Amino acid sequence: MERRQVGILGATGAVGQRFIQLLANHPWFEISWIAASDRSAGKTYEDACKWRLSTPLPERIAKMVLQPNVPEGSAVELPRIIFSSVDSDIAKELEPKFAAAGCAVISNSSAFRMGADVPLVVPEVNVDHLDVIEQQATRKTSGGYIVTNPNCCAIGLVLPLAVLEQKWGIEKLFVSTMQAVSGAGYPGVASLDILGNVIPYIKNEEEKLQEEVAKLLGGVNDGAFAPGDMTVSAMCHRVPVIDGHTEAVSVKLKKPATAEEIIAAWRAFKPLHQGADATHLPSAPDSPVVYEEGVDRPQPRLDLETGNGMTTTVGRLRPCTLFDWKFTLLSHNTIRGAAGAALLNAEILAVLGKFDFRKYPPVNSAREESSVNA
Ligand code: NAP
């Protein structure tokens with residue numbers, strides 16, 4: 001596979017830094033363009049960004065200059081693939097401009113997740129939703145489009161749920177989250193608000209989690225998303241943990257299942273590694289779901305790095321007195337819940353030929369055309 005140039009919009013933030021870390025030695029993609037707010041444009045990355053990760057900032061990126069955060073006016077050529085990690089109100093304004101200019105925008109923000117023609121995708125769960133890209137207006141003109149990955153809690157949750165839905169069907173679901181502070185970006189929640197504390201409110205989080213789970217576990221009928229018919233109730237909390245969202249889940253199934261059957265089904269779940277013909281994606285974990293037997297697992301300190309942060313660790317499966325079964329899960333919010341998820345989406349898009357832009361004009365001529373039309 002040829003190495004493709006990619007850009008990062010929101011490159012200096014908590015998720016943007018993860019993109020830079022995860023793309024540092026990526027076999028298929030190479031960062032050639034970065035942008036953040038107007039405050040950062042024109043600065044080198046090392047001057048604009050307070051690097052918060054434990055691995056060193058790659059030297060090449062440190063010296064790169066942040067470009068204007070619009071498709072026009074970049075001093076370097078705009079790549080065709082843009083990873084976006086900006087707040088949703090900013091994404092709402094900027095992402096369609098990049099799609100109109102001919103870019104595949106792979107977004108972390110919630111701005112377009114529930115759009116009627118925008119796929120919300122976790123490759124192991126609903127890769128078929130990606131066909132809906134072809135319905136986006138910009139796909140037909142410039143070739144550009146928007147694909148989204150879910151809320152950081154929804155991604156970790158739907159991996160074990162997808163197995164339950166496929167085998168037994170889910171009737172009802174209750175989830176209570178304990179979400180790390182890095183989920184609020186950097187600098188995020190004030191230390192005086194969160195140290196020694198739990199905050200039982202994250203704006204719009206419960207609504208996002210409820211609707212996104214149903215879209216992810218649903219299908220596509222005649223080109224329209226058909227949400228799953230399960231009832232979902234979510235309660236979201238911010239806790240003083242740096243990375244890693246923990247979720248306590250109770251589920252009512254449509255058909256009976258034993259604990260042994262459920263654990264065996266989670267362990268057998270290898271949707272992107274199905275034998276010799278398997279699609280191997282560089283960021284895909286060997287096992288999307290790992291079941292931990294220990295009575296006090298999963299824990300952020302012990303289980304966060306499982307599968308390089310791309311695996312959901314599940315534990316404590318036991319009978320539920322309200323529904324059928326309850327369990328606890330842990331997922332890395334800035335890797336599987338954000339940058340790693342977007343990267344995996346880019347990898348599956350590459351394999352499916354959705355980065356084959358040869359029949360569309362190059363981004364620069366698309367820009368010239370759109371400014372002529374304007
Ligand atoms: P963050 O740490 O606050 O970073 C925000 C980024 O956006 C920075 O690079 C910032 O650049 C840039 N920015 C601010 N205003 C801008 C503007 N007007 N135009 C262009 N760029 C602008 O936030 P984050 O946690 O990385 O989150 C980014 C997005 O990912 C959000 O939509 C969030 O909901 C989503 N997300 C986050 C997580 C997570 O775990 N953190 C998980 C899933 C999804 P400057 O440095 O120049 O200000």
Side-chain angles (χ1 to χ4, degrees), residues 121-129 150 153-177 209 212-219 226-232 234 245-281 283-299 303 306-332 336-337 340-341 344 348:
V121 172
V122 175
E124 296 97 329
V125 173
N126 64 336
V127 70
D128 55 315
H129 287 206
C153 279
I155 299 180
L157 177 61
V158 294
L159 288 167
L161 287 186
V163 177
L164 304 183
E165 173 66 4
Q166 279 161 22
K167 286 191 92 79
W168 298 283
I170 297 172
E171 191 179 315
K172 287 182 184 173
L173 174 77
F174 172 70
V175 54
S176 180
T177 72
L209 192 48
E212 289 179 23
V213 165
K215 183 170 179 177
L216 286 158
L217 294 179
D229 63 356
M230 64 285 300
T231 307
V232 185
H245 290 351
T246 302
E247 305 178 42
V249 184
S250 290
V251 66
K252 183 165 180 52
L253 301 174
K254 289 179 179 162
K255 289 187 272 182
T258 66
E260 292 72 27
E261 287 170 335
I262 292 173
I263 292 168
W266 280 332
R267 289 190 167 142
F269 184 48
K270 295 191 186 290
L272 299 173
H273 297 263
Q274 292 160 345
D277 298 323
T279 302
H280 180 70
L281 307 179
S283 301
D286 285 340
S287 299
V289 178
V290 162
Y291 188 79
E292 260 295 337
E293 297 282 356
V295 290
D296 58 355
R297 306 284 280 277
Q299 296 180 23
D303 300 306
T306 306
N308 293 324
M310 290 294 284
T311 289
T312 294
T313 306
V314 182
R316 305 212 63 227
L317 180 70
R318 58 218 190 272
C320 172
T321 47
L322 284 178
F323 294 165
D324 294 327
W325 293 103
K326 55 186 176 182
F327 54 92
T328 303
L329 68 87
L330 172 75
S331 172
H332 197 307
R336 182 46 121 158
L344 194 57
I348 196 91

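Since this is a predicted model, take the numbers as computed values, not measurements.
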| field | Under 3.5 Å: donor-acceptor pair, side chain of D303, backbone of T313 | value | no
| field | S250 side chain reached by L322 side chain, heavy atoms, under 4.5 Å | value | no
| query | Closest approach of L216 and V125, non-hydrogen atoms and distance? | reply | O-CG1, 3.7 Å
| message | So does I170 get a backbone contact from the side chain of E165, meaning a donor-acceptor N/O pair under 3.5 Å? | response | yes
| Just wondering, more than 12 heavy atoms not from K167 lying within 6.0 Å of its NZ? | no
| Is the backbone N or O of S287 less than 3.5 Å from a side-chain atom of T311, with the two atoms forming a donor-acceptor pair by type? | yes
| What are the two closest non-hydrogen atoms of T312 and G156, and how far apart are they? | OG1-O, 3.0 Å
| field | Distance (rounded to the nearest 0.5 Å) between T231 OG1 and K252 NZ | value | 11.5 Å
| message | Would you say that K172 contacts D324 through its side chain, given a criterion of any heavy-atom pair below 4.5 Å between the two side chains? | response | no
| How close do T177 and C153 get, heavy atom to heavy atom, and via which atoms? | CG2-SG, 3.8 Å
| field | Verdict with supporting geometry, I348 and E124, side-chain contact (heavy atoms from CB on, under 4.5 Å) | value | CA-CA 10 Å; I348 196 91; E124 296 97 329; over 6 Å; no
| note | Closest heavy-atom pair, A154 versus E212, reported as atoms and distance to 0.1 Å, is CB-OE1, 3.9 Å
| Should the ring pair W266 and Y291 be called parallel, tilted or perpendicular, given that the plane angle runs from 0 to 90° and is split at 30 and 60? | parallel
| query | So do the side chains of P150 and V158 get within less than 4.5 Å of each other, counting heavy atoms only? | reply | no
| message | Donor-acceptor check, side chain of H332 to backbone of T306, threshold 3.5 angstrom: yes or no? | response | no
| request: Rounded to the nearest 0.5 Å, what's the gap from CG on L317 to CG on L329? Could you check? | output: 12.0 Å
| request: Measure the shortest side-chain to side-chain distance between L344 and R336 over non-hydrogen atoms and say whether it is less than 4.5 angstrom. | output: yes
| task | List for me each residue that meets side-chain contact (heavy atoms from CB on, under 4.5 Å) alongside R316, sequence neighbours excluded, and say none if there are none. | result | R318, T328
| Can you find a pair of side-chain heavy atoms, one from L164 and one from M230, that are under 4.5 Å apart? | no
| query | Are E171 and F323 side-chain neighbours, meaning at least one heavy-atom pair lies under 4.5 Å? | reply | no
| request: Please tell me if the side chains of E292 and P298 come closer than 4.5 Å, counting only heavy atoms from C-beta onward. | output: no
| query | Is any side-chain heavy atom of E261 closer than 4.5 Å to a side-chain heavy atom of P256? | reply | no
| field | Distance-minimising heavy-atom pair for F327 and V314 | value | CD1-CG1, 3.6 Å
| query | Looking only at heavy atoms, what is the nearest atom pair of E247 and L157, with distance? | reply | OE1-CB, 3.5 Å
